[in-house]
Amino acid sequence: MAERASCALLESLPAEVRESLAELELELSEGDITQKGYEKKRAKLLARYIPLIQGIVHGWVDPSLQAENKLAGSSQILITANKQQRSRSTSSRDERFRSDVHTEAVQAALAKYKERKMPMPSKRRSALVQPSVDTYTPPESVFAPPDVTTGLLGHSHHERPQVASVRGVPRGFNSSILETANGVPVNSRVSSKIQQLLNTLKRPKRPPLREFFLDDFEELLEVQQPDPNQPKAEGSEIALLKGEPLGVVSNWPPSLLTALNRWGTTQPKAPCLTSLDTTGKALYTLTYGKLWSRSVKLAYTLLNKLTNKNEPLLKPGDRVALVFPNSDPVMFMVAFYGCLLSELIPVPIEVPLTRKDAGSQQIGFLLGSCGVSLALTTDACQKGLPKAQSGDVVTFKGWPRLAWFVIDGKHLMKPPKDWHPHIRDASNDGAYIEYKTSKEGSTMGVIVSQAAMLAHCHALTQACGYSEAESLINVLDFKRDAGLWHGILTSVMNRMHVISIPYALMKVNPLSWIQKVSAYKARVALVKSRDMHWSLLAQRDQRDLSLSSLRMLIVADGANPWSISSCDAFLNVFQSRGLRPEVISPCASSAEALTVSMHRPPDLGGVPPGKAVLSMNALSYSVIRADTEEKLSVLTVQDVGQVMPGASMCVVKTEGAPYLCKTDEVGELCVSSCSTGTAYFGLQGITKNVFETVPLTASGEPVGNQPFTRTGLLGFIGPERLVFVVGKVDGQMIVSGRKHSCDDVVATALAVEPMKFVYRGRIAVFSVNVLHDERIVLVAEQRPDSSEEDSFQWMSRVLQAIDSIHQVGVYCLALVPANTLPKAPLGGIHISETKQHFLEGSLHPCNVLMCPHTCVTNLPKPRQKQPDVGPASMIVGNLVAGKRIAQACGRDVSQLEDNDQAKKFLYLADVLQWRAQTTPEHVLLLLLNSKGAVSSSATCLQLHKRAERIAAGLVEKAHLNVGDHVALVYPPGIDLIATFFGCLYAGCIPITVRPPHPQNLATTLPTVKMIVEVSKSSCILTTQAIMRLLKSKEAAAAVDIKTWPTILDTEDMPKKKVLRVFRPASPETLAYLDFSVSTTGILAGVKMSHTACSALCRSIKLQCELYPSRQIAICLDPYCGLGFALWCLCSVYSGHQSILVPPLELESNASLWLSAVSQYKVRVTFCSYSVMEMCTRGLGTQTGTLRSRGVNLSCVRTCMVVAEERPRISLTQSFSKLFKDLGLSTRAVSTTFGCRVNVAICLQPNRLGKLADQGTAGPDPTTVYVDMRALRHDRVRLVERGSPHSLPLMESGKILPGVKVIIAHTETKGPLGDSHLGEIWISSPHNANGYYTVYGEEALHADHFNARLSFGDTQTVWARTGYLGFLRRTELTDASGERHDALYVVGSLDETLELRGMRYHPIDIETSVIRAHKNIAECAVFTWTNLLVVVLELDGPEQEALDLVALVTNVVLEEHYLIVGVVVIVDPGVIPINSRGEKQRMHLRDGFLADQLDPIYVAYNM
């Protein structure tokens, strides 16, 4: 029971002003006045008292109170008798958390905040639950702000120089991206929002972490250091608090059933229980005679008439479920006592309404663990239960199979005259089981023994002074807790008359219980604070109500500190109707200890009520301090009375061993008495911990000789031996070592404009564990008419209020549509189920605000770079450690003997002419169409002739000179190959270019134009269709078509032979240019000389054992890299037959490639990751169909994936697994590695069959597991498979003949040791000869092709690949008998993200994100101004998009120790992917910043 600032604020005003204010509030709550009018009138009323109020808020402590009550120890608690004048509270928010003064405190706290502009999330209109206001923010100029993630200013990391060519354009984006600074748009809505986000983060409330270099691999999470100024308990050790002894009553019955028997036979006409209908009329009054006779009938029926194969279905001690609605207390009471009489143990539960009720599964688990097989219910209730097709009640999810028995009169048997139930004295056997739900949502049954039930009735009778024939109004649930203890059990013990008010009636008429008190002249009423609050809203028109008959008004939610406000307001209004202040009796209870304490009127030995105004900050450290300064952050607590008769109480520490608390310390209340629960049914372990606790003194001595029961309530014992409760153990969240109560946080959130925004005050607060600490999550239902602007404003204000009042950050704030949170039986929010939905991503919020930057303060410290260690020191260090320098090489080409005639020729053009003369009819190339048929083919002679014709056309028609550049824009096919050789015959330099996509000209044509311009092409060769496309109107809309060079259609060339095939002056002259857009968006062209071409083809031929008799199938794009070499060059050089499968054809026929491999019985095939993914996704369910069509892949010896990235193990494994049914060997699939400086570094050759036996293939690729945390520090640490943070890396294939590899330090350029991470450097005759750039900046990038080690072998010239990796000598041997050196590629340096001083590979973060939820189809990450941006494709309904924001933030924090800055949710297919299946992350970034993604939702994490 609490308020956060003292009541003096309002009490200082004159009575008439307070009355006017109360009337004004009532008008507002009932809609008689607008908010604006209310504020205006209120301001007018208070105008003359403003100085007085300000004085009170800033410095009020009642000196008389300060002196009056001191607690043992140094702290003070302000305790006062209950004031009789109370302000009236009349708002429609959740009644449990009413407090006007707290609202004032929250508003004052918010006023302290300057309005910090936070970026509002962007939402696509279609995803909105309600239409939103326009969320555009005005564009601002963007600059690079300081690094907010580490607190460092400026940028200190060194990047590998980029190729100074132009960014490529992604698919789906406008070409205007290019008109920006460094490819980043200068004006955009997104970037201005990110700027706002950075501005809010640039002023951290907490100081940035100190930085230091962490030399260990482990990234240690920051341990929260205790605040040296935190309050500490200073009082003496608390003493055991004993209640008065249980009085001896002369005729006290030996059991509850004895009492029932007595009243049923001696006073049969006496009323026992009256039930009401929803209009408030008495529906039925059960007399004691009727209760006795019906209970006996039921007992007889249960024991004698329910049989199973002539055996009784039930035996004494069996558990039986009681399933009765809240509107039928009469039948419940009969069932309860019928079970007791037949010595069965009743388990009352809620009526299940649907198969998916919140918490229903846990109830089922409870019934199963209790061995319940029978459920008792009423006829009406049974008819309303969901039915299966057979007409029987369905089996609810997680429930055991139950027999349902209806107990209405006609179903019961009348017992024979000589049959009497056996009534024993109360024993320690179980009487009934009451269920309770824990914080995690698990449901446990607390078993109460017969003796405890009797003793509890005795204690309640004495504490409440119950006497015979008294009337009691019960508004509570009669199936459990105080409603059961007073209204069903103790009432029978004392022959009282209970009038039960159903929940449905309270909803219709909140005043009904007061009317019944007045009508029945009731002496006692049993309510919750919400019932008092509801009645305040409805009482205005009622004239003749009297509460003067009440001697006790028991308020049964005393464990909730916020009920105090309702008590005060209720007394304030109803004192004039005869309510006496001393009547209000708060009590505390728990499922385990039953009634813990109760406030009693003075005539029953009670003392005046007490109040304490406590500092919330001190409470968060479990310390009691009277608040004297910070008036905003206080909790006003009212006592919950004295310990129950016959019980002892102490307060123990909540963590660790149960040591007694000090007098000024908050702990868990523990009770020792004969009237508590006995055990959790079937759970011995937790039972011992809870029901058999032995409190210890500071010296470790046990307190007393009786075990204590933990109540689950947090509190302390105040002056006058009064018990105070400040919260529940289950409702406590421990964040960074400080404790916060969920209820307190709910109260603060509700004090922020509750009526305008939160639907019926429905707010849930719970904590989730993320990164080894609890994080607070707040979920609220918003009113249906709330706009996006309202939502965002409310969320911002709630964050500020909670930060100000509780000094704690909220990790996630989610808003859901009205009425969508899981409901508890009486309409409240089912917290554990809500938490479950949140963690599973099935909450479906309509707004989310994450604040990880504010909350997460235990990240590892950012890493600083070591002072440079010289390369010489590294070598010495490796020698000392016994490590060899990491270098490896393929087989020596000069030593390899082969009968290769082609190696006599220096130029590929010569090889083709030679093949045209020696094997003119040998078919070199077969091109397949989408149906799998050969659409065209070429023999050696045909290819030669076509090349001659094209060469003649280039010279005569295009008038090109030797050395001129020619762009070849062809679809994948034989024309492309013929034209390439035609250019070589004419002495021109060919550049292969992917043609534009006719349906997507706007995004694909600018890339074509760019390559043509950057490569300085003098002419474009193409087909007639593409020529028309390049000159079309649609093309003119995307590029300037007037600036194209000459475009020639090769089909239109004259049929002439070239006079003389051109021979270059030297093999080192340029053969062709290879252009490619890298994943970082850089368009780079590399120069390939004739020497490099021949060396490349020879190396591949030797590695893959390619001969004219061989067939290989190629499903790759033929425009750049190894794909181009395999498609256009290798067949001509080696003479083998190539079956060409254009990857684009797989979109219409996914099985094309595999069918071709099977049809031609191909042993060696090449594909890309995108092809492999298409097959895995498209054919996943069709392997049976393919088998029936005769597809058999057992012929495949090697299936190589051509890639310029780390091997994708999961994809290759799932591909192998999927097509294993078609005969594909799991050993056949392997990977390759190449890059811009050398397109073929590793290829895994044949690994099956005879060749493998001969040893030419070498060992299978190995997989190692490395620690991902060590990788971030540029180190390699090998770990076991399955270790936490382990990352599998597969060897990238066998190094090609003639290729040497060394690992060099990225900065010092010194050589590194075995298993050390560094940049992969290559020396090989087929290295490219340099970059070809339009700006002639070769000098800047010469380093990439002409690098030398800074120490050791400084003579060899190396090419830098730009990829991080390591070499590791394995235990395996290769063909030469030497130990095999495996090369592991980790990732591209250009792509790595430098965050918090560490190096991250995007793929690792993306893998974690994709695993987070089944609806995430694809993901890409990039950084922008040191914020991590995660873009994910949603494969599901747009309404579920926002579920992913929290899951993604959680998983990246947990697995990578990074805070996600922005989460962008887009449609499937938005993340651009190139033909090699690689994500174009920089294009994506440019598209995001230029606002071209059309995202479903953009969340800016605070």
Side-chain angles (χ1 to χ4, degrees), residues 157 211-223 770-772 856 858-866 869 874 877-878 881-884 886 1205-1210 1213 1261-1292 1303 1305-1307 1312-1320 1363-1371 1381-1389 1391-1412 1421 1428 1450-1459:
H157 64 274
E211 297 177 28
F212 71 107
F213 174 67
L214 196 60
D215 197 41
D216 187 9
F217 288 123
E218 301 294 343
E219 295 168 56
L220 300 171
L221 289 177
E222 184 80 349
V223 177
V770 181
L771 203 66
H772 309 295
V856 181
N858 63 333
L859 284 173
K861 300 190 175 179
R863 170 184 174 225
Q864 275 186 340
K865 292 284 162 52
Q866 282 170 300
V869 177
M874 284 195 177
N878 281 320
K883 289 203 170 170
R884 52 183 282 280
E1205 58 179 295
R1206 177 201 301 176
R1208 299 191 200 171
I1209 297 183
S1210 59
Q1213 283 177 346
T1262 52
T1263 298
V1264 294
Y1265 292 84
V1266 298
D1267 188 326
M1268 219 185 311
R1269 293 167 303 180
L1271 272 188
R1272 295 172 204 156
H1273 294 266
D1274 287 342
R1275 301 173 187 186
V1276 175
R1277 180 169 69 169
L1278 300 179
V1279 293
E1280 291 298 315
R1281 178 183 180 176
S1283 306
H1285 300 279
S1286 63
L1287 172 74
L1289 290 177
M1290 188 161 84
E1291 182 185 345
S1292 285
I1303 305 296
H1305 193 280
T1306 49
E1307 283 160 18
L1312 291 172
D1314 188 89
S1315 296
H1316 276 56
L1317 189 70
E1319 188 178 4
I1320 301 167
Y1363 281 80
L1364 283 173
F1366 59 94
L1367 280 164
R1368 178 172 173 266
R1369 179 151 282 186
T1370 66
E1371 298 301 316
D1381 290 309
L1383 174 64
Y1384 298 93
V1385 176
V1386 174
S1388 160
L1389 260 169
E1391 280 201 335
T1392 56
L1393 313 173
E1394 289 232 357
L1395 291 161
R1396 300 177 56 77
M1398 288 170 275
R1399 199 193 299 273
Y1400 287 86
H1401 294 271
I1403 185 68
D1404 297 331
I1405 300 173
E1406 289 159 1
T1407 304
S1408 298
V1409 169
I1410 288 170
R1411 257 197 342 256
V1421 301
L1428 179 64
N1450 290 357
V1451 77
V1452 175
L1453 256 175
E1454 284 277 6
E1455 295 185 12
H1456 303 279
Y1457 302 162
L1458 284 177
I1459 292 177

- Hey, mind stepping through L1383 and I1320 against side chain to side chain contact (heavy atoms under 4.5 Å, CB included) and telling me if it holds? CA-CA 9 Å; L1383 174 64; I1320 301 167; 4.0 Å; yes
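- Scanning for side-chain contact (heavy atoms from CB on, under 4.5 Å) contacts around S1283 gives V1279, E1280, S1286, with sequence neighbours left out.
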- Item | Residues E1291, T1262; criterion side chain to side chain donor-acceptor pair (under 3.5 Å); working and verdict | CA-CA 6 Å; E1291 182 185 345; T1262 52; 3.2 Å; yes
- Query: Run the side chain to side chain contact (heavy atoms under 4.5 Å, CB included) check on T1306 and L1364 step by step: do they pass?
  - Reply: CA-CA 9 Å; T1306 49; L1364 283 173; 3.8 Å; yes
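- For T1263, there are no side-chain hydrogen bond (donor to acceptor under 3.5 Å, both in side chains) partners, not counting sequence neighbours.
- Applying the side-chain contact (heavy atoms from CB on, under 4.5 Å) rule to R1411 yields the partners T1407, S1408, E1455; only residues at least two apart in sequence or on another chain are considered.
- Applying the salt bridge (Lys or Arg N to Asp or Glu O under 4.0 Å) rule to E1205 yields the partners R1208; only residues at least two apart in sequence or on another chain are considered.
- Of all non-hydrogen atoms in S1315 and V1276, the two that sit nearest each other are O-CB, 3.3 Å.
- When atom types are taken as modelled, the side chain of H1273 and the backbone of L1271 share no donor-acceptor pair closer than 3.5 angstrom.
- Annotation for F1366 and H1316: closest pair CB-O, 3.2 Å, computed over non-hydrogen atoms.
- Annotation: side chain of V1264 is in contact with side chain of V1266 (closest heavy-atom distance under 4.5 Å).
- Residue S1292 comes nearest to V1385 through the heavy atom pair OG-CG2, 3.3 Å, listed as atom of the first residue, atom of the second, then distance.
- A salt bridge is defined here as a Lys NZ or Arg NE, NH1 or NH2 lying under 4.0 Å from an Asp or Glu carboxylate O, and R1399 with D1274 meets this definition.
- Under the 4.5 Å side-chain criterion, counting only non-hydrogen atoms from C-beta, L1453 is in contact with I1459.
- In this view, A886 and I1303, L1367 satisfy the side-chain contact (heavy atoms from CB on, under 4.5 Å) rule, not counting sequence neighbours.
- With sequence neighbours excluded, the residues forming a side-chain contact (heavy atoms from CB on, under 4.5 Å) with D1404 are R1206, M1268, L1287, H1401, H1456, listed by chain and number.
- Here R1369 contributes atom CZ and D1381 contributes atom CG; the two are 4.5 Å apart, rounded to the nearest 0.5 Å.
- Counting heavy atoms from C-beta on, the side chains of I1405 and V1452 come closer than 4.5 Å.
- Residues Y1400 and T1392 form no side-chain contact, since every pair of their non-hydrogen atoms from C-beta on lies 4.5 Å or further apart.
- Here the side chains of L1278 and Y1265 are not in contact, with every heavy-atom distance at 4.5 Å or above.
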- Query: After noting the C-alpha distance and the side-chain angles of L1458 and R1396, does the key distance pass the side chain to side chain contact (heavy atoms under 4.5 Å, CB included) rule?
  - Reply: CA-CA 8 Å; L1458 284 177; R1396 300 177 56 77; 4.0 Å; yes
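- Geometrically, R1272 engages Y1457 in a cation-pi contact, judged by NZ or CZ lying under 6.0 Å from the ring centre and within 45° of the ring axis.
- Between E1319 and Y1363 there is no side-chain heavy-atom pair separated by less than 4.5 Å.
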